[in-house]
There are 2 protein chains.
Amino acid sequence: MEDSSLCPRFEKAVGIISQRWNALIIYQLLSGPQRNHEIKDAIGISGRLLSERLKDLEAEDIIHREVYAETPVRIEYSLTDKGHSLKPLMKDIKAWADEWIDTPTHKQCKS
Amino acid sequence: MEDSSLCPRFEKAVGIISQRWNALIIYQLLSGPQRNHEIKDAIGISGRLLSERLKDLEAEDIIHREVYAETPVRIEYSLTDKGHSLKPLMKDIKAWADEWIDTPTHKQCKS
DNA sequence: TCAACAAGTTACTTTATGTAACTAATTATA
DNA sequence: TATAATTAGTTACATAAAGTAACTTGTTGA
C-alpha cells in the first residue's frame with residue numbers, strides 16, 4: 001500500500017471530497033451561510049462529526065467560520081472561494097444522480 | 001441522525017463516489033480495462049479492499065467483470081456506460097485539484 | 001518437484017464513525 | 001429567582017470500516 005502512481009493532487013482532492021460527510025456539508029453550504037445546527041438538521045450528521053468536519057474543512061480553507069458577537073453569540077459557516085469553486089463538481093454529482101440513480105420510492109428533487 | 005432533507009438520489013450518488021477508494025478505482029479504469037493487480041499497483045489499495053470494492057461497484061453496475069478462459073485465466077475490469085458517465089465528474093475533480101491543491105514537492109501530472 | 005503468479009479469502013489490529021450524555025453561556029418562562 | 005431550553009461544542013464508549021499479513025486455489029515455467 002501507500003505508494004500509488006496517480007497524481008498526488010488528484011489523490012488529495014479525492015481525499016477531501018470523499019471524506020465522509022464533506023460533500024454533503026459543502027453541498028448544503030452552496031445555498032448560503034449556515035449555522036451549526038442548520039447543517040446538522042439538513043444532512044443528518046451527529047454533532048461530534050460535524051464539529052470535526054467543520055474544523056477540517058476550515059483548515060483546508062474550504063469553509064469560513066464567522067463569529068457574530070451578538071447575544072446570544074451566533075456562529076456561521078460559509079464557503080470560501082476555494083469552497084465555492086467546488087460548485088461545478090457538486091452540480092455534476094447532482095446531474096449524474098438524476099440520470100443514473102433510481103429511487104422509485106422517492107420523488108424528484110429540485111435542481 | 002439518519003433523516004436528512006437532502007435529495008435521496010444525491011445522497012446515494014455521494015455515498016458511492018465518496019466511498020473510500022471508489023473514485024480512484026473509477027478514475028484508474030477511465031484509461032481502459034484493467035486486471036486486479038494492475039489497479040492494485042496503480043492506486044495502492046490492499047487486495048482485501050480492492051476485491052470488496054470491485055464487487056460493490058459491479059453490483060452498482062458501474063464496472064464490469066470479464067473472465068477470459070485462457071490459461072492462466074485472465075480477469076479484466078472495465079467501466080460500464082454508467083461508469084463511463086462519471087468521466088466528467090472525474091475531470092472536474094482533476095481540474096479542481098490542479099487549480100486549488102498545492103503540492104510543491106510534487107510535479108505537475110498529465111491531464 | 002519447486003518456486004512464482006494471480007485473484008481472492010480469512011484472521012486480526014487499528015482507525016473512523018455512531019450514539020448519547022455532558023459543558024458553558026445565554027435566554028425565555030413560570 | 002429558579003427552571004427549562006437553546007447553541008456550539010466536547011467527552012466517553014460501542015460498533016463498523018479499513019489496514020496488514022498470512023493463507024488458498026489453480027496454473028505456469030524452471
Side-chain angles (χ1 to χ4, degrees), chain A residues 1-6 11-12 14-29 32-60 62-79, chain B residues 1-4 6 11-12 14-29 32-60 63-79:
Chain A
M1 295 268 305
E2 204 46 72
D3 54 327
S4 82
S5 55
L6 286 177
E11 288 192 68
K12 177 74 194 295
V14 165
I16 294 169
I17 293 156
S18 75
Q19 170 87 315
R20 190 156 200 189
W21 297 111
N22 279 1
L24 292 181
I25 292 169
I26 292 163
Y27 185 77
Q28 182 62 24
L29 288 177
Q34 282 164 67
R35 303 177 67 172
N36 185 304
H37 73 275
E38 291 176 297
I39 303 171
K40 190 168 174 296
D41 294 344
I43 70 178
I45 190 179
S46 72
R48 183 175 101 44
L49 282 184
L50 181 55
S51 294
E52 194 174 303
R53 288 301 120 86
L54 290 173
K55 259 188 242 174
D56 293 347
L57 290 171
E58 197 191 0
E60 292 289 349
I62 287 172
I63 65 171
H64 172 71
R65 180 180 188 269
E66 184 79 44
V67 180
Y68 295 93
E70 304 170 353
T71 141
V73 69
R74 180 166 54 98
I75 295 166
E76 273 193 356
Y77 293 92
S78 57
L79 294 174
Chain B
M1 295 270 305
E2 206 45 68
D3 54 329
S4 82
L6 286 177
E11 289 192 67
K12 177 74 194 295
V14 165
I16 294 169
I17 294 156
S18 76
Q19 171 85 317
R20 190 158 200 189
W21 297 110
N22 279 1
L24 292 181
I25 291 169
I26 293 163
Y27 186 76
Q28 182 62 24
L29 288 178
Q34 281 164 69
R35 304 176 67 171
N36 184 304
H37 72 275
E38 292 175 297
I39 302 171
K40 190 169 174 296
D41 294 345
I43 70 178
I45 190 179
S46 73
R48 184 175 100 46
L49 284 185
L50 181 55
S51 295
E52 194 174 303
R53 287 303 119 86
L54 289 173
K55 258 187 245 176
D56 294 347
L57 290 171
E58 197 190 0
E60 292 289 348
I63 66 173
H64 171 71
R65 181 179 188 269
E66 184 79 43
V67 180
Y68 295 93
E70 303 170 356
T71 141
V73 70
R74 181 166 53 99
I75 295 166
E76 273 192 355
Y77 294 92
S78 58
L79 294 175

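Atom CD of A/Glu38 and atom C1' of D/dA8 are 13 Å apart (whole Å). As rounded to whole Å, 15 Å separates atom P of C/dT15 from atom CG of B/Leu49. Protein atom CG of A/Leu50 is 10 Å distant from nucleotide atom C1' of D/dA8, rounded to whole Å. Spacing between atom NZ of A/Lys40 and atom P of D/dT7 amounts to 11 Å, rounded to whole angstrom units.
Here the side chain of A/Gln28 pairs no donor or acceptor atom with the backbone of A/Ala42 at under 3.5 angstrom.
Side-chain contact between B/Ile63 and B/Leu54 is present, with at least one heavy-atom pair separated by less than 4.5 Å.
Side-chain N/O atoms of A/Arg20 include none lying less than 4.0 angstrom from OP1 or OP2 on C/dA16. In this structure, A/Tyr77 reaches the D/dG9 phosphate: one of its side-chain N or O atoms is under 4.0 Å from OP1 or OP2. When the side-chain nitrogen and oxygen atoms of B/Lys55 are compared with OP1 and OP2 of C/dT9, one or more of them lie within a distance under 4.0 Å.
Look at B/Arg20 and B/Glu52 and you find no salt bridge, because none of the NZ, NE, NH1 or NH2 atoms lies under 4.0 Å from a carboxylate O.
Of the candidates C/dA7, D/dA18, D/dA8, D/dA18 carries the atom nearest the B/Gln19 side chain, counting heavy atoms from C-beta on. Considering only side-chain atoms of A/Arg53, the nucleotide from C/dT17, C/dT26, C/dA7 that sits closest is C/dT17. If you check D/dT10, C/dA11, C/dA7 against the side chain of B/Arg48, the one that comes closest is C/dA11. Proximity note for A/Trp21 (side chain, C-beta onward) versus C/dA6, C/dG18, D/dG9: the nearest is C/dG18.
The side-chain contact (heavy atoms from CB on, under 4.5 Å) test applied to B/Gln19 returns B/Asn22, B/Arg53, B/Asp56, not counting sequence neighbours.
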